[in-house]
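Read through the structure below, which is laid out as structure tokens, and then see the notes.
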Amino acid sequence: MYVREVSWCRCAGCGAEAELPAGETAGVEVPCPDCAGPMAEEWTWETAA
């Protein structure tokens, strides 16, 4: 079974939401795809594939 950590992020500027891979975005400012503002991590969980 493959397990990966996922982060749920929200843009403070426009409210857009995104599910992003936690390991790849930890410590990195991810731009919002809608307004280019910074996405903020709200919570993280593991998924099993």
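All values below were derived from every heavy atom in this structure, side-chain atoms included, with hydrogens, water molecules and symmetry-related copies excluded.
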Handout entry: Hydrophobic cluster membership, Leu20 vs Trp43, 4.5 Å side-chain cutoff
Key =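 No; tracing contacts between hydrophobic side chains, which count when under 4.5 Å, never links both residues.
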Problem - Minimum heavy-atom distance Cys14-Cys11, with the two atoms named - result: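 Minimum heavy-atom separation between Cys14 and Cys11: N-SG, 3.5 Å.
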Exercise for the section: Identify the two heavy atoms, one from Met39 and one from Ala18, that lie closest to each other, and give their separation to 0.1 Å. Expected result: CE-CB, 3.7 Å
Exercise for the section: Can you establish whether the number of heavy atoms outside Glu41 located under 6.0 Å from its atom CD is more than 12? Expected result: yes
Handout entry: Between OG on residue Ser7 and CD on residue Glu19, distance to nearest 0.5 Å
Key = 9.5 Å
